[in-house]
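Worksheet for the structure shown next.
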Amino acid sequence: MPGRIIVITSGKGGVGKTTATFNIGAGLAVKGNRVVVIDMDIGLRNLDIVMGLENRIVFTIVDAINGRCRIKQALIKNRKFDNLYLIPASQSDNKDALTPESVIKLCENLRKEFDFILIDCPAGIEQGFVNSVSAADEAIVVCTPEVTSIRDADRVIGLLYSRQITPKLLINRIVPEMVAKRDMLNHKDVLEFLSIELIGLVPMEEQVIICTNNGIPLVTRKASKAGEAFLRVAMRINGDSNLPIEVPKNHKSFWDKIGVRLKKK
């Protein structure tokens with residue numbers, strides 16, 4: 001069965017899209033799939049750092065597409081999983097180094113060898129976006145519960161629909177305490193505005209920063225709520241469509257609860 005090509009995109013930068021790509025890929029690999037993640041952010045690569053593979057890059061996607069190396073030579077195996085690979089972006093080229101046609105050809109070749117091809121799309125809707133979505137069968141749009149992120153996500157969703165790609169939504173960096181105080185939009189508000197299928201809700205936590213800085217997949221951290229959320233996203237992609245989506249909760253300490261009761265008195 002040919003592999004599935006999924007583009008992971010966002011309208012706005014800084015929403016945690018690259019972290020999401022790595023952890024969804026790792027989650028799929030945990031379940032026994034052969035997975036390759038592709039960094040399409042030509043000139044500004046970051047996926048290699050998030051995966052802890054920055055010192056192992058010899059060839060890039062531009063080298064593979066332009067025939068300077070074989071596709072297998074551009075593949076870098078992840079240290080944690082034998083079935084998870086990276087094709088890094090080039091830092092010395094620009095987005096015009098690739099074309100939609102060349103990306104489609106690469107992904108069709110990868111489809112024969114991998115169960116999932118995840119494309120980390122650069123932020124925005126310019127050439128990098130066009131290149132990234134050209135080969136995709138499916139799309140995940142990542143946004144945060146901020147009005148600017150939601151508005152930009154809405155624009156991207158419209159462009160995906162125009163290409164006959166039905167996107168799903170991942171809401172990232174949710175702070176339950178802020179949602180409880182109504183200082184942050186809740187997921188229902190976001191869904192009401194964007195009107196697409198929800199695939200996951202991911203809370204913000206310290207482990208995200210720690211793991212990202214050390215090239216460690218969050219999905220391997222049992223104490224990480226964000227890692228658990230990403231793993232559940234991967235399980236839904238892998239076919240467990242009945243798996244419920246957990247809403248991040250505000251876990252107050254005993255003393256916080258006591259303080260609330262005292263204030264009421």
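At least one donor-acceptor pair under 3.5 Å links the side chain of Arg232 to the backbone N or O of Pro244. The closest donor-acceptor contact from the side chain of Asn23 to the backbone of Phe230 lies at 3.5 Å or more, if one exists at all. At distances below 3.5 Å, at least one donor-acceptor pair connects side-chain atoms of Asn33 with backbone N or O atoms of Leu28. No donor-acceptor pair closer than 3.5 Å links the side chain of Arg155 to the backbone N or O of Ile125. At least one donor-acceptor pair under 3.5 Å links the side chain of Arg111 to the backbone N or O of Gly3. In this structure a side-chain-to-backbone donor-acceptor pair under 3.5 Å is missing from Asn172 to Thr144. Between the side chain of Lys31 and the backbone N or O of Met235, no donor-acceptor pair lies under 3.5 Å. Here the side chain of Ser134 pairs a donor or acceptor atom with the backbone of Asn131 at under 3.5 angstrom. For the pair Asp120 (side chain) and Asp41 (backbone), a donor-acceptor distance under 3.5 Å is absent. Between the Ser102 side chain and the Leu98 main chain, no donor and acceptor come within less than 3.5 Å of each other.
Residue Ile87 is tested with Ile61, Thr60, Ile65 for a side-chain contact (heavy atoms from CB on, under 4.5 Å); the sole match is Ile61.
Taking the centre and axis of the six-membered ring of Phe114, the NZ or CZ atom of Arg34 falls inside the cone set by 45° and 6.0 Å.
Listed here is the closest heavy atom pair of Pro88 and Ile57: CB-CD1, 3.7 Å.
The distance from atom CD1 of Ile76 to atom OH of Tyr85, rounded to the nearest 0.5 Å, is 11.5 Å. To the nearest 0.5 angstrom, Leu198 atom CG is 12.0 Å from Lys188 atom NZ.
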